There are 2 protein chains.
Amino acid sequence: MDRRQRRTRSLIFTAFSALLERKSYTAMTVQDIIDEADIGRSTFYAHFETKDELLKALCNDIFDHVFSAEIMSEEKHDFSHHSSFRDRITHILYHLQEKQQSIRGLFNGECGEIFLRYLKEYLCQVFNEHITIKDDVPHDYALDLAVSSFAETVRWWLKGHSDYTPEQMTAYFFRCISIL
Amino acid sequence: MDRRQRRTRSLIFTAFSALLERKSYTAMTVQDIIDEADIGRSTFYAHFETKDELLKALCNDIFDHVFSAEIMSEEKHDFSHHSSFRDRITHILYHLQEKQQSIRGLFNGECGEIFLRYLKEYLCQVFNEHITIKDDVPHDYALDLAVSSFAETVRWWLKGHSDYTPEQMTAYFFRCISIL
DNA sequence: TCAATACCGAACACCTTGTTCTGTAATAAT
DNA sequence: ATTATTACAGAACAAGGTGTTCGGTATTGA
């Protein structure tokens, strides 16, 4: 990848993240982004077809870091059979905390909806085998609720309560959910 | 209120709800709404300053029905000291089910974010005193998680699983959350 | 019957979008 | 170091949405 491309892409991401903390996603125009990034109009469209694609790309960047890092360290340390589900959850929280700066704005307004949808897709894979099967509750529902609750936990944590440690948040979460 | 105003307002609401099932909120333009409702442009703006105000008004209409009806019947039957928290939850589900038609579209995309935020505000009042206080979990967090989980339960229920009864959903919900 | 007012429809100035173009400068490879 | 490639800037553009205004019509409630 050309050095200029990397630079421009980074400028756009940074500008976008910064703008999200001041302005709602819907209200934000492409004009705002290219003004903030100080790049030409055609340059933006050379990188991203639309504002939604930009959001998607940013989300993927974050999730690649959080989840592929998780899997990597899992393989590296051969956690797959040693670490508990609780540890994996704590692990994910650590990685999310590292990306805190980029993530915080993503919770706001309408793009929070999109970000959380993507997040839940990844979480489904992690949670799927760890739901305690109860015959009196539909598995679909239990999984959906567990994943959504964890996503909400992350949101609550990173929006104003990031002084708690990942270990603490994991403990709180498991304390409140009775199907894990 | 003038009969013509009621008619127009109703036309707008109906058109808006119908459109939400086919089109995302963000992609929807005021032009789409007035075409669907078959009213003049200036007429729309005489009723609502913006698309967001329309959404807000629709949400308020729904919540007024769901929660004020709940409170009313509570007062009428003097449920306040007799009915359990579980019954109140079931009750709310019944009222939400009645408004199912209008609500379904509201879960989609970005306006789902807004609708759920409003819903959670109301739910906070209902849930606040019924959270089991645990010293090892922040009360803020427990309340937020319970409310969000219930909101997610409603979403899951009304989006493709509305064959379950309110009583069943209440049971499932309480089965999964250990702080109520 | 009549005054009030809600609606219509057209026009408007303004903004955002996404595309296209030309010229310039940075890049990577030979 | 030279050269071909390619990313960028910047301007212009048509198309479409926004929110407002205004004069005319029709409905309403008293």
Side-chain angles (χ1 to χ4, degrees), chain A residues 1-61 105-106 108-114, chain B residues 1-61 105-106 108-114:
Chain A
M1 200 178 187
D2 197 311
R3 187 191 305 163
R4 290 169 294 179
Q5 287 190 55
R6 287 198 303 272
R7 178 180 173 275
T8 300
R9 193 181 163 88
S10 170
L11 282 174
I12 293 175
F13 275 150
T14 304
F16 183 59
S17 292
L19 273 174
L20 272 180
E21 305 223 29
R22 305 183 235 129
K23 203 161 189 166
S24 99
Y25 175 72
T26 306
M28 187 191 306
T29 68
V30 174
Q31 195 64 50
D32 293 330
I33 300 172
I34 66 185
D35 286 345
E36 176 83 15
D38 196 30
I39 58 169
R41 177 169 202 74
S42 53
T43 305
F44 176 88
Y45 284 104
H47 281 262
F48 302 101
E49 288 191 1
T50 167
K51 197 176 60 170
D52 293 306
E53 291 298 320
L54 167 57
L55 172 58
K56 203 170 175 176
L58 180 58
C59 289
N60 283 333
D61 257 33
L106 285 176
N108 292 331
E110 329 73 37
C111 77
E113 167 73 23
I114 298 168
Chain B
M1 202 178 187
D2 197 311
R3 187 190 304 165
R4 289 168 295 180
Q5 287 190 55
R6 286 198 303 271
R7 179 180 173 276
T8 300
R9 192 181 164 88
S10 170
L11 282 175
I12 293 174
F13 275 150
T14 304
F16 182 60
S17 291
L19 274 174
L20 272 180
E21 305 223 27
R22 305 184 236 131
K23 203 160 189 167
S24 96
Y25 175 72
T26 306
M28 187 189 307
T29 68
V30 173
Q31 194 66 47
D32 293 329
I33 300 172
I34 67 184
D35 286 346
E36 175 83 14
D38 197 29
I39 59 170
R41 178 169 201 72
S42 51
T43 305
F44 176 89
Y45 283 104
H47 281 261
F48 303 101
E49 287 191 1
T50 169
K51 198 175 61 168
D52 293 307
E53 291 297 320
L54 166 58
L55 172 58
K56 203 170 176 176
L58 180 59
C59 289
N60 283 333
D61 257 33
L106 285 176
N108 291 331
E110 329 71 37
C111 78
E113 166 73 23
I114 297 169

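Hydrogens, waters and symmetry mates play no part in the numbers below; they use all other heavy atoms, side chains included. All of these numbers come straight from a predicted model, not from anything done at the bench. Protein chains get the first letters and strands the later ones, always in sequence-line order, with residue 1 at the start of each.
- Atoms CD1 and CZ, on A/Ile33 and A/Phe44 in that order, are 4.5 Å from each other to the nearest 0.5 Å.
- Under the salt bridge (Lys or Arg N to Asp or Glu O under 4.0 Å) criterion, A/Arg7 pairs with no residue at all, not counting sequence neighbours.
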Can you give me the N/O atom pairs linking the protein to nucleotides 27-29 of chain C at distances under 3.5 Å, or say none if there are none?
| residue | atom | partner | partner atom | Å |
| --- | --- | --- | --- | --- |
| C/dT27 | OP1 | A/Arg3 | NH1 | 3.2 |

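- With sequence neighbours left out, the side chain to side chain contact (heavy atoms under 4.5 Å, CB included) criterion links A/Leu58 to A/Phe13, A/Phe16, A/Ser17, A/Ile62, A/Leu106.
- Residue pairs meeting the salt bridge (Lys or Arg N to Asp or Glu O under 4.0 Å) criterion with at least one member in residues 12-21 of chain A, sequence neighbours excluded, do not occur.
- Atoms CD and CD1, from A/Glu113 and B/Ile114 in turn, are 10.0 Å apart once rounded to the nearest 0.5 Å.
- B/Glu110 is linked by a side chain to side chain contact (heavy atoms under 4.5 Å, CB included) to A/Glu110, B/Ser24, B/Tyr25, B/Thr26, counting only residues two or more places apart in sequence or in another chain.
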Where do N or O atoms of nucleotides 16-20 of chain C meet protein N or O atoms at under 3.5 Å, pair by pair?
| residue | atom | partner | partner atom | Å |
| --- | --- | --- | --- | --- |
| C/dT17 | OP1 | A/Val30 | N | 3.1 |
| C/dT17 | OP2 | A/Val30 | N | 3.2 |
| C/dT17 | OP2 | A/Gln31 | N | 3.4 |
| C/dG18 | OP2 | A/Tyr45 | OH | 2.9 |
| C/dG18 | N7 | A/Arg41 | NE | 3.0 |
| C/dG18 | N7 | A/Arg41 | NH2 | 3.2 |

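- Counting all heavy atoms, side chain and backbone alike, B/Cys111 lies closest to B/Gly105 at SG-O, 4.2 Å.
- Between atom NZ of residue A/Lys51 and atom OG1 of residue A/Thr29 there is a gap of 7.5 Å, rounded to the nearest 0.5 Å.
- B/Ala46 pairs by the side chain to side chain contact (heavy atoms under 4.5 Å, CB included) definition with nothing, not counting sequence neighbours.
- Considering only side-chain N and O atoms, B/His47 lies under 4.0 angstrom from the phosphate OP1 or OP2 of C/dC7.
- Between B/Arg9 and B/Asp61 the shortest side-chain heavy-atom distance falls below 4.5 Å.
- Using a 4.5 Å cut-off on side-chain heavy atoms (C-beta onward), A/His47 and A/Gln5 make contact.
- Evaluation of the salt bridge (Lys or Arg N to Asp or Glu O under 4.0 Å) rule for B/Asp32 yields B/Lys23 as partners, not counting sequence neighbours.
- Within a heavy-atom distance below 4.0 Å of DNA chain D, no residue of residues 10-22 of chain B is found.
- Side chain of B/Arg6 to main chain of B/Met1: a donor-acceptor pair is present (N/O by atom type, distance under 3.5 Å, no hydrogens or angles).
- Contacts of A/Asp35 classified as salt bridge (Lys or Arg N to Asp or Glu O under 4.0 Å), with partners at least two apart in sequence or in another chain: none.
- The closest side-chain heavy-atom distance from B/Ile12 to B/Ile39 is below 4.5 Å.
- For the helix from C/dT1-D/dA30 to C/dT30-D/dA1, the angle separating the two terminal helix axes comes to 40°, with each axis derived from five pairs and the value rounded to 10°.
- Using a 4.0 Å cutoff to heavy atoms of chain B, the contacted part of DNA chain D runs 5' to 3' from D/dG17 to D/dG29.
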